[in-house]
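Per chain, numbering begins at 1; letters A, B, ... match sequence-line order.
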Amino acid sequence: MSTHAFQAPKGTRDFYPSDLAVRRHIEHAWRSASIDCGFDEVEGPAFEHLELYTAKSGEGIVNELFSFRRAGGENDYALRPEFTPTLARMVAARAGALPVPVKWFAIPNMFRAERPQRGRLREFVQWNIDTLGVEGAATDIDVIACAILALERLGLTPLDVQVRLSHRVAIGRLLSALGVSEEKSADAMTLLDRRDKLKPDEFATRAQALGLSAEGVASFDLAARATQPLADEISALATKIGIPVEALAALDEVRAAATRAGILEWCTVDIGIVRGLAYYTGTVFEIHEISGAERAVAGGGRYDGLVELFGGPKMAACGFGMGDVVLANVLRDRKLLPDDGAALLPRPDAFVISAGSEAAEAELPRLMMALRRAGFHARSSSKVTRNVGKLLGDAGKARARFAVILGAELTEGQIALKNLDSGSHSGSQTLVALAELTEHLRVKA
RNA sequence: GAGGCCAUAGCUCAGCUGGUAGAGCACCGGAUUGUGAUUUCGGCUGUCGCGGGUUCGAUCCCCGUUGGUCUCCCCA
């Protein structure tokens with residue numbers, strides 16, 4: 001390819017100012033929700049030893065990674081495809097010294113060697129929330145509630161997105177109650193996970209392969225598609241599937257915790273939510289746009305064995321990841337992002353205009369620096385025209401709060417301060433002493 | 001990894017059965033030597049994604065390639 005036509009690598013994004021403004025808007029909701037929920041921010045390397053990932057996910061993961069070896073080097077590395085191994089490594093390294101619970105969040109970029117499609121890119125940003133060292137449904141709900149808080153701050157409601165949740169222990173007992181043997185349990189969960197992708201007859205065939213009777217297959221099919229608002233009694237779900245209520249006791253604990261936290265309306269029980277088999281040990285959940293039009297906004301759950309897997313002590317853990325790509329799609333679907341991301345850029349406090357006199361020309365650069373030293377976001381025009389109308393046009397396009405006009409009054413030490421937010425009329429303009437400008441901006445900001 | 005569609009100005013797009021390109025917006029300047037959304041006049045812009053082939057001649061047809069988009073696969 002010739003040198004004048006470089007393109008960004010497949011599945012990566014260039015963030016022009018208006019694009020980055022959107023990303024920061026999302027990240028701000030994530031970060032503020034994390035902090036308000038008591039999580040501390042952490043960060044790790046953008047690449048790790050390849051073995052860190054194969055240790056958790058097996059050799060098969062390598063195809064999904066961007067891995068590399070330094071020219072002449074002997075170590076294999078991989079760009080991080082997820083944050084959890086890094087987190088587990090960090091916790092394991094200092095497990096003895098960390099106060100429990102460990103409540104950490106991170107907003108790292110991730111890399112996956114996948115073919116890009118809607119909601120999936122090769123580089124993206126993912127918000128990670130994790131609580132370690134504490135067992136119990138209340139912790140699971142604490143984590144989920146933090147996700148909800150961030151989504152709420154972005155303008156979403158329970159009518160836009162739902163937390164679809166299930167519980168590994170409950171599913172295990174459910175399967176057992178339906179007559180699925182211990183050995184077939186993993187197969188059964190895989191089948192639950194694939195319920196929407198398989199044709200009915202193929203689903204039935206595979207259900208029979210679990211060793212179920214015709215009646216058992218019917219119940220299994222019912223269970224696989226079972227969803228109900230978390231607000232409804234868990235016993236209703238058990239009755240519907242035809243199993244003892246006690247089998248779903250774990251879900252009832254989650255429901256009780258969600259009730260106490262006041263997030264019931266955001267949650268739906270969904271027996272079809274399974275997620276990584278070798279990984280999760282308790283509550284599992286995904287957050288979905290309610291119509292199912294987009295991929296999962298977030299996914300996570302309880303994974304009590306993970307820190308141990310990375311050489312640490314046995315440690316309870318619960319967390320989730322939320323990517324920026326699907327979330328931005330959902331926000332756009334719901335008209336919760338401006339058409340032009342520039343509307344999310346920081347607004348100038350003052351836009352300084354010289355009307356053209358020698359005194360004004362001399363004053364402008366001095367005033368700019370003075371305003372900035374005082375902590376104001378100050379801009380001026382680079383246009384050569386001194387047509388005040390045109391320059392006010394620039395001020396408006398810059399979305400400045402105030403225009404500061406250096407005109408004839410400057411000889412008396414005064415400038416015109418125009419409030420650009422108060423409509424298109426000139427009535428909102430006052431003469432103020434140049435020396436008192438910062439005071440006026442401070443009061444009116 | 002498999003397949004469909006797409007790529008023309010900074011942006012959104014037009015461009016006839018092949019004859020080397022236009023519009024709107026944006027941008028810059030003036031009208032108007034002091035007042036901003038829908039005043040007005042003028043101006044700038046392209047190796048038509050890239051490479052090759054067919055042809056007298058390719059933005060247009062063919063092949064390859066890069067990127068985008070969507071589906072399948074996968075999904076920590």
With C1' as the reference atom in both, quote the distance from B:rU12 to B:rA31 in angstrom, rounded to an integer.
-> 30 Å

Quote, to the nearest angstrom, the C1' distance that separates B:rC50 from B:rU8.
-> 14 Å

How is A:Thr84 classified with respect to the nucleic acid when contacts are heavy atoms under 4.0 Å: base, sugar-phosphate, or nothing?
-> nothing

Between the side chains of A:Arg153 and A:Ser32, is a donor N or O closer than 3.5 angstrom to an acceptor N or O?
-> yes

Looking for any heavy atom pair under 4.0 Å, which part of the strands does A:Arg399 touch: base, sugar-phosphate only, or nothing?
-> nothing

Among B:rA76, B:rG34, B:rC75, the one nearest A:Tyr280 by side-chain distance | B:rA76

Which nucleotide, B:rG67, B:rC74, B:rC28, lies nearest any side-chain atom of A:Glu114?
-> B:rC74

Answer for the Watson-Crick or wobble partner of B:rG24, both distances under 3.5 Å, is B:rC11

Describe the nucleic acid contact of A:Gly407 in one word from base, sugar-phosphate, nothing, applying a heavy-atom distance below 4.0 Å.
-> base

Side chain of A:Gln117 only, please: which of B:rA2, B:rC73, B:rA76 is the nearest?
-> B:rC73

Across all strands shown, which nucleotide pairs with B:rU33 by Watson-Crick or G-U wobble geometry, both distances under 3.5 Å?
-> none

Separation between the C1' atoms of B:rC62 and B:rU54, rounded to whole Å | 7 Å

Name the closest nucleotide to the A:Thr385 side chain, picking from B:rG34, B:rC70, B:rG30.
-> B:rG30

With P as the reference atom in both, quote the distance from B:rU65 to B:rA2 in angstrom, rounded to an integer.
-> 11 Å

B:rC56 - base-pair partner by Watson-Crick or wobble geometry, distances under 3.5 Å = B:rG19

P gap between B:rA58 and B:rG3, integer Å = 30 Å

Mind checking A:Gly11 for me? I need base, sugar-phosphate or nothing, with any heavy atom below 4.0 Å counting as a touch.
-> sugar-phosphate

Separation of A:Ile273 atom CD1 from B:rA76 atom P, in whole Å?
-> 11 Å

Does CG belonging to A:Asp339 count more than 12 external heavy atoms closer than 6.0 Å?
-> no

Indicate, with a heavy-atom threshold strictly under 4.0 Å, whether A:Gly396 touches base, sugar-phosphate, or nothing.
-> base

Measure from the side chain of A:Lys10, starting at C-beta and using heavy atoms only, and say which of B:rU35, B:rG68, B:rC75 lies closest.
-> B:rG68

So A:Phe220 and A:Phe203, would you call those rings parallel, tilted or perpendicular, with 30° and 60° as cut-offs?
-> parallel

Per the atom types in the model, does the base of B:rA76 pair as donor or acceptor with the side chain of A:Arg112 at under 3.5 Å?
-> yes

Are A:Phe66 and A:Phe111 close enough, and set up right, to give a ring-ring contact (aromatic ring centres under 6.0 Å, His included), and what steps lead you there?
-> CA-CA 7 Å; A:Phe66 283 103; A:Phe111 307 86; 7.2 Å; no

What's the closest nucleotide to the A:Arg118 side chain, out of B:rC73, B:rA76, B:rU71?
-> B:rU71

As its Watson-Crick or G-U partner within any shown strand, both distances under 3.5 Å, B:rC72 has B:rG1

Using 4.0 Å as the upper bound for N to carboxylate O, is an ion pair formed by A:Arg80 and A:Glu43?
-> yes

Where each residue is assigned the nucleotide of RNA chain B containing its nearest heavy atom, which of A:Ala400 and A:Arg115 is assigned the position nearer the 5′ end?
-> A:Arg115

What integer number of Å spans the P atoms of B:rC41 and B:rA23?
-> 15 Å

Minimum-distance nucleotide (side-chain atoms of A:Lys418 versus B:rC28, B:rU71, B:rG36) | B:rG36

Reckon A:Ala8 touches a base, only the sugar-phosphate, or nothing at all at heavy-atom distances under 4.0 Å?
-> sugar-phosphate

Residue pair A:Glu41 / A:Ser34, side-chain donor-acceptor N/O under 3.5 Å | no

Give one of base, sugar-phosphate or nothing for A:Lys390, where a contact means two heavy atoms less than 4.0 Å apart.
-> base

Can you tell me, in whole Å, how much space there is between the C1' of B:rU20 and that of B:rC11?
-> 25 Å

Ignoring hydrogens and angles, answer whether the base of B:rG68 and the side-chain atoms of A:Arg13 contain a donor-acceptor pair closer than 3.5 Å.
-> no

When we call it a touch if two heavy atoms are under 4.0 Å apart, what does A:Ile61 touch: a base, just sugar-phosphate, or nothing?
-> base

Contact class for A:Glu409 (heavy atom, under 4.0 Å): base, sugar-phosphate, or nothing?
-> base

Crowded around A:His377 NE2? As in, over 12 foreign heavy atoms under 6.0 Å?
-> yes

Taking the C1' atom of each, how far is B:rU47 from B:rA9, in whole Å?
-> 13 Å

Between B:rC27 and A:Lys397, is there an OP1 or OP2 to side-chain N/O distance shorter than 4.0 Å?
-> yes

Scan A:Ala395 against the nucleic acid and name what it touches under 4.0 Å (heavy atoms): base, sugar-phosphate only, or nothing.
-> nothing

Side chains of A:Thr12 and A:Glu123: is there a donor and an acceptor less than 3.5 Å apart?
-> no

5'-most contact on RNA chain B: A:Pro116 or A:Ile405, nearest heavy atom basis?
-> A:Ile405

Where the side chain of A:Gln429 is concerned, which of B:rG1, B:rG34, B:rA76 is the nearest nucleotide?
-> B:rG34

Side chain of A:Arg295 only, please: which of B:rA76, B:rG34, B:rC74 is the nearest?
-> B:rC74

Name the pairing partner of B:rG67, where a pair is Watson-Crick or G-U wobble with both distances under 3.5 Å, or state none.
-> B:rC6

Looking across every strand, which nucleic acid part, if any, lies under 4.0 Å from A:Arg275 by heavy atom: base, sugar-phosphate, or nothing?
-> sugar-phosphate

What is the nucleic acid contact for A:Leu391, judged by heavy atoms within less than 4.0 Å: base, sugar-phosphate only, or nothing?
-> nothing

